[in-house]
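A, B, ... follow the sequence lines: proteins, then strands. Residue 1 opens every chain.
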2 protein chains.
Amino acid sequence: MSQTVDRALRILPLLAEGPANLEQVAARLGVHKSTALRLLRTLHEHGMVYRQQDQRYRLGTRLFALAQQAAENLDVREIAHPHLAALNERCGHTVHLAVYEDGEVLYIDKVESRYPVRMYSRIGKPVAITVAAVAKLLLADLPEPERRAVAERLDYPAYTARSTPNAAAYLDELATVREQGWATDFGGHEESINCIGAPVRGTDGRAVAACSVSAPNVVVGTAELLELLPLLRRTADAISAEYSGTTPPPLQKAKP
Amino acid sequence: MSQTVDRALRILPLLAEGPANLEQVAARLGVHKSTALRLLRTLHEHGMVYRQQDQRYRLGTRLFALAQQAAENLDVREIAHPHLAALNERCGHTVHLAVYEDGEVLYIDKVESRYPVRMYSRIGKPVAITVAAVAKLLLADLPEPERRAVAERLDYPAYTARSTPNAAAYLDELATVREQGWATDFGGHEESINCIGAPVRGTDGRAVAACSVSAPNVVVGTAELLELLPLLRRTADAISAEYSGTTPPPLQKAKP
DNA sequence: GCTGTCGTTGCACTCTGTGCAACGACCGTT
DNA sequence: AACGGTCGTTGCACAGAGTGCAACGACAGC
């Protein structure tokens with residue numbers, strides 16, 4: 001749309017390949033040297049490109065700063081929600097999204113079951129950290145010292161006979177979860193409620209969130225619930241992809 | 001230099017703060033809505049901004065990709081990282097790597113403290129240039145006219161009672177740092193955080209980067225932190241050696 | 001159905017970006 | 001030293017590109 005800006009922006013991927021001097025930039029843009037110079041100067045003023053000692057240009061650190069800052073403001077929930085809604089659309093059960101923060105795991109989004117029998121939960125509420133599938137996924141991915149510290153600091157309430165009894169058992173469970181890349185909670189919190197979860201990962205591969213599908217026994221058994229695992233994992237992976245920016249996800253309307 | 005490109009680029013940091021709609025962007029740029037629209041469209045075509053469902057704009061994924069490539073071009077970072085990780089392994093504190101670029105000092109890598117109490121920082125974020133140990137090291141090594149120019153252009157915010165008060169004091173401090181070859185920041189930025197730093201030098205002896213160890217008072221005192229100085233300097237020197245090519249650098253792990 | 005908000009479009013004006021040519025700094029060669 | 005070559009930089013005149021304006025349209029909330 002805007003020729004000048006367009007040209008300026010085309011310089012960036014060009015420099016991403018490696019440093020280039022003025023003439024090379026001008027040639028590859030198909031413009032006069034003086035034009036390229038002015039564009040590069042403007043980019044330079046904004047820290048988008050940097051001029052090394054040999055006068056060649058390369059990408060600047062401001063790009064870095066911008067991306068980093070944007071990543072911090074990135075709302076997983078916003079990105080995840082449509083995916084979670086779609087998942088709920090297909091399976092009908094309650095879908096949760098949770099994050100880890102300062103030794104706690106919190107639900108930050110929820111799409112309600114479309115069955116009449118529902119489990120109780122509330123966005124913003126701390127999760128039963130010792131048993132919930134999402135909690136296991138998030139803790140499993142913590143750096144080992146912190147994971148151990150948290151596990152040992154926790155209480156292990158016996159919600160049911162299948163609740164995790166103590167730190168040792170929990171750490172074992174976390175190892176399993178880390179290995180298999182998904183988690184379950186079969187009646188560990190409420191006798192009659194089962195749950196499966198999968199992690200959402202950021203660019204660095206660390207779990208930034210986890211999502212889960214929960215359903216009461218009376219609606220589906222554990223075997224039937226596990227059949228949803230591939231779908232759940234695909235959903236989690238799609239969210240990860242969009243969150244890390246590997247997918248230019250937002251399917252924009254094409255011009256007619 | 002180029003008004004149009006300048007306006008377009010000013011949109012990016014604006015969006016980095018969080019999503020904004022067309023009117024907000026236009027208002028903050030001080031231009032008409034239609035102008036802002038065209039700029040945003042151009043940015044959009046290049047993937048620099050992204051339009052969410054509610055029509056608001058936020059930074060796009062292309063920016064992340066570019067930042068990634070920009071980071072890869074900073075080869076100090078790549079070389080330094082394993083050394084920094086090893087340093088963190090041995091002392092447990094937060095380790096930073098920073099570079100100087102166009103009057104700013106930026107963190108380009110970070111290895112998190114393994115203690116529960118951590119300092120806040122972010123890769124890509126400009127460093128508190130008047131007080132940070134890494135900033136002192138990098139400025140101390142600038143050619144004298146540029147050093148003076150930068151020092152006199154800076155603000156000297158009084159973060160704490162121990163912050164550098166003015167340009168004269170800063171230039172004195174830089175002289176000391178240049179002489180001793182290492183730097184400190186004892187509570188100059190945050191009252192309770194101390195920090196020691198050492199320079200990474202290129203073939204020409206100039207500081208191309210600086211690394212530092214930071215720790216809160218509550219974890220280690222200044223005396224104890226200074227005991228880490230030899231280890232820190234050895235780390236910095238090892239990075240320098242590998243970066244200048246004096247060490248047959250990437251000693252690959254032998255396959256078992 | 002009305003009113004207000006916000007994104008979008010077409011147009012006329014003019015300001016900004018452009019290419020050109022000449023200059024100058026730097027480097028290696030003879 | 002003088003020369004020729006390369007490459008970045010500058011001033012200028014022209015026109016093409018960007019701008020603001022006003023009107024339109026989509027949508028939401030009373």
Side-chain angles (χ1 to χ4, degrees), chain A residues 1-15 17-60 78 81-82 85 248 250-256, chain B residues 1-15 17-60 101-103 143 145-146 149 203-204 206:
Chain A
M1 273 275 141
S2 166
Q3 190 190 63
T4 319
V5 177
D6 181 71
R7 286 173 170 173
L9 293 179
R10 272 174 22 218
I11 292 179
L12 299 177
L14 192 156
L15 290 183
E17 295 169 20
N21 66 20
L22 179 62
E23 278 212 321
Q24 296 170 320
V25 171
R28 293 201 46 185
L29 279 187
V31 299
H32 197 268
K33 280 189 302 177
S34 57
T35 305
L37 179 66
R38 277 182 289 257
L39 296 174
L40 281 164
R41 277 198 182 146
T42 310
L43 289 169
H44 180 91
E45 274 174 20
H46 286 263
M48 306 293 282
V49 307
Y50 169 63
R51 197 152 198 195
Q52 15 186 64
Q53 285 81 341
D54 63 356
Q55 303 224 92
R56 292 191 305 165
Y57 295 89
R58 63 167 175 74
L59 293 183
E78 213 169 295
H81 191 84
L251 35 138
Q252 308 270 347
K253 274 279 168 53
K255 293 278 172 61
Chain B
M1 273 273 138
S2 166
Q3 189 189 63
T4 319
V5 176
D6 180 73
R7 287 173 170 174
L9 293 179
R10 271 173 26 218
I11 292 178
L12 299 177
L14 192 155
L15 291 184
E17 295 170 20
N21 66 21
L22 178 62
E23 277 212 320
Q24 296 169 321
V25 171
R28 292 200 47 185
L29 280 186
V31 299
H32 197 270
K33 280 188 303 176
S34 57
T35 304
L37 179 66
R38 277 181 290 257
L39 295 175
L40 281 163
R41 278 199 182 145
T42 310
L43 289 169
H44 180 90
E45 274 173 19
H46 286 263
M48 304 292 283
V49 307
Y50 155 61
R51 198 154 198 194
Q52 14 185 68
Q53 285 80 343
D54 62 357
Q55 303 223 93
R56 292 191 304 165
Y57 295 88
R58 62 171 179 76
L59 293 184
E101 194 176 295
D102 289 325
E146 188 172 357
T203 30
D204 56 356
R206 287 274 303 281

* **Euclidean distance, atom CZ of residue B:Arg51 to atom P of C:dC6 [Å, nearest integer]** => 13 Å
* Asked: Reckon B:Gln3 has a side-chain N or O less than 4.0 Å from the OP1 or OP2 of C:dT16?
  -> yes
* Residue closer to the 5' end of DNA chain D, A:Thr4 versus A:Tyr57 (nearest nucleotide) -> A:Tyr57
* Asked: Out of B:Asn21, B:Leu14, B:Ile11, B:Leu15, which one pairs with B:Tyr57 under the side-chain contact (heavy atoms from CB on, under 4.5 Å) rule?
  -> B:Leu15
* Asked: B:Arg7 side chain N/O closer than 4.0 Å to the phosphate oxygens (OP1, OP2) of D:dT19?
  -> yes
* Counting only N and O atoms by type, is there a donor-acceptor contact under 3.5 Å from the side chain of A:Thr42 to the main-chain atoms of B:Val5? -> no
* Could you tell me whether A:Arg56 contacts a base, only the sugar-phosphate backbone, or nothing, with contacts defined as non-hydrogen atoms closer than 4.0 Å? => nothing
* Side-chain heavy atoms of A:Pro19 within contact of A:Gln24, under 4.5 Å -> no
* Rounded to the nearest Å, what distance is computed from the NE2 atom of residue A:His44 to the P atom of nucleotide D:dT9? -> 11 Å
* Close residues, residues 24-37 of chain A, relative to DNA chain D [heavy-atom separation under 4.0 Å] -> A:Lys33, A:Ser34, A:Leu37
* To do: Rounded to the nearest angstrom, tell me the gap between atom CZ in A:Arg41 and atom P in D:dG8.
  => 12 Å
* Search all heavy atoms of A:Ser2 against all heavy atoms of B:Thr4 and return the closest pair with its distance. => OG-CG2, 3.7 Å
* Asked: Can you tell if the side chain of B:Leu37 reaches within under 4.5 Å of the side chain of B:Lys33, non-hydrogen atoms only?
  -> no
* To do: Measure the distance from CD on B:Gln55 to C1' on C:dT8 and round it to the nearest whole Å.
  => 10 Å
* Structure fact -> Per nearest nucleotide of DNA chain C, the residue lying toward the 5' end, A:Leu39 or B:Leu22, is B:Leu22
* Asked: Which whole-number value in Å describes the distance from B:Asp6 CG to C:dG17 C1'?
  -> 14 Å
* **Inter-residue atom distance A:Leu22.CG - A:Thr35.OG1, 0.5 Å rounding** => 10.0 Å
* Where is the tightest heavy-atom contact between B:His44 and B:Tyr50, given as atom of each residue plus distance? -> ND1-CA, 4.3 Å
* Can you tell me the distance, in whole Å, between the CD atom of A:Gln52 and the C1' atom of D:dG8? => 16 Å
* **Atom-pair distance (CZ on A:Arg38; C1' on C:dG17), nearest Å** => 7 Å
* **d(CG, B:Asn21; P, C:dG4) in whole Å** => 20 Å
